[in-house]
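Side-chain atoms are counted along with the backbone in the values below, which use heavy atoms only and exclude waters and symmetry mates. We're numbering straight along the sequence, starting at 1.
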Amino acid sequence: MPIYKDFNVEDAASLESSDIVENIKDTVSSGMWENGSGTLTAFYTSSTQSSSNAAYYLDVYGTNPQSDSTAKPQFSVAYGHYNGSGSAGAVGVDGYRASATIYRQLVNTLLGPNEDQFVFANTGGANAGKPDYVYAISIARQQLREKMDPGNWELHLSGSGIPGQYGLTKLIDDSGATTNPTINQGGRVFNVISGSIAGGTTSTYQEADNQPGGGLGLFYPDSGLIILNGPAINATASLSTGVASNTEGGNVGKFFKAIAGEDKFQARREEVITSQHYFCRVPNKQFNFSSNPTFTSGSNGDFTVSTFEKNPKTFITQVGLYNNSNELLAIAKLSKPLLKSYSKEAIIKVKLDF
C-alpha cells in the first residue's frame, strides 16, 4: 500500500519555502516541422487539392501525401494582387478574381483598419515599397502552435538573382538588428532581408533600409505569416510572374517550384510553457520500509535480507501525486531507482507542464 506525505504549502508572499511552486513560465524553442524537425528538405503537394484551389493557394507537405496517409500540411503558399491581376475575372467579367480575394484577406488579417496595401521598407523611391502583388507563406496551425521564433528561420529560393540589386537565394528576418519592432493588428512585424542565420556576420543582420533593393518582405511571427514583396521575389527567383488582367498566371505553382528547387526551409517555433513544481521531500527516517511481501519473511516479519536489521534499505522508483481523497492523479517515474536508507535523504522534483 502507498505511503502518503502531505505537501507543505506556503503563501506565494511568504519567505518560507513551499513544497509547491506554481505558475512558472518558460519560453521554449523547438523545431517547427513534422516530428519536431527544424528543417524541411523535401516539399510535396497533394493531387487531391482541387484545381480551383490550386490556382490561388497550395498546401505544402514534408512527406508525399500520395504514399503517406499520415502526411499533414506544413505550410501553404499563395499569390495575391491588389487589383486581382494574375487570376481569372475582372470588373464586369465572369471570374472570381482569386488573387484580389487573397490580397484582401491578408490585409484584413494583418493590417490596421485604415490600411489597404502592404508597404515594404525600400530605398528605391516613394512608391517602390508599395507593390501591387505579394507572395505569402502561411504556417499550418498544428506546426505553428503559438508563434514562430524570430531570428530562427531561413528560406531558400532557387533563381538567378540580380547582382548589385538583390543577388540572393536565402531569406531571413531582421530581428537581430531590430530592438523595437513595429506592432500592429497582426502582432509584431519584422522585415524580410537576405542572409543566413548561420552566417553570424554584420551583413546578416542588416536593417532592411540599408539593403540594396530594400525590404524583401514582412514577417509576422505571432501569426505565422511571411508576406514577400512580389516584384522583388519575382526578380530574385526568376518567377516570370503573370500579372495580366483576367488571366490565370500560374503564380502559386511558380512560387512553389522556387521553394522546392532549393529544398530548405529552416524554422523554429516559440511556446510559453506554464509549469508547476512539486518538491517531494524524503527525510532520512521515512520511506525506509516496503510493503512488498518479499521485503520480510516468516510470522515474525523478519527481514528477508539479514543486513537490513537496524539499517533497512529501499529503492524509490516512482512518485504518485494524490488529491485530498487519496485518489491518484499522476505518476512520475524516476530514470533509475533511488537508494533510500536511514543515512540518506532526497528531494525529488516533479514538474507538470501546461
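- Legend: salt bridge (charged side-chain N to carboxylate O under 4.0 Å, His left out) pairs involving residues 233-243, not counting sequence neighbours: none detected.
- In this structure a side-chain-to-backbone donor-acceptor pair under 3.5 Å is missing from Ser223 to Tyr220.
- Of the inter-residue distances, the one linking Asn323 atom CG with Leu329 atom CG reads 4.5 Å to the nearest 0.5 angstrom.
- Note on ring orientation: taking the six-membered ring where Trp is involved, the planes of Phe295 and Phe289 are perpendicular (angle over 60°, cut-offs 30° and 60°).
- Looking only at atom types and distance, the side chain of Ser47 has a donor-acceptor partner in the side chain of Gln66 under 3.5 Å away.
- In this structure, the separation between CG on Asn234 and OH on Tyr79 is 9.5 Å, given to the nearest 0.5 Å.
- Residue pairs satisfying the salt bridge (charged side-chain N to carboxylate O under 4.0 Å, His left out) criterion with at least one member in residues 275-297, sequence neighbours excluded, are listed as follows: Asp19-Arg281.
- One finds a salt bridge joining Arg188 and Asp222 here, because a Lys/Arg side-chain nitrogen approaches an Asp/Glu carboxylate oxygen to under 4.0 Å.
- Distance OG/Ser37 to CZ/Phe265: 12.0 Å, rounded to 0.5 Å.
- Going from atom OG1 of Thr317 over to atom CG of Leu338 covers 10.0 Å, rounded to the nearest 0.5 Å.
- Tyr82 carries Arg104 over the face of its six-membered ring, with the cationic atom under 6.0 Å from the centre and within 45° of the normal.
- Centroid-to-centroid, the aromatic rings of Tyr278 and Phe7 come within less than 6.0 Å.
- Atoms CG and CD1, on Leu111 and Ile227 in that order, are 8.5 Å from each other to the nearest 0.5 Å.
- No close placement of the Tyr133 and Tyr103 rings is indicated, their centers lying 6.0 Å or farther apart.
- Without hydrogens or angle criteria, Asn284 side chain to Glu345 main chain gives no donor-acceptor distance under 3.5 Å.
- Between atom CZ of residue Phe190 and atom CD1 of residue Ile226 there is a gap of 12.5 Å, rounded to the nearest 0.5 Å.
- Distance alone, capped at 3.5 Å, places no donor-acceptor pair between the Thr247 side chain and the Gly249 backbone.
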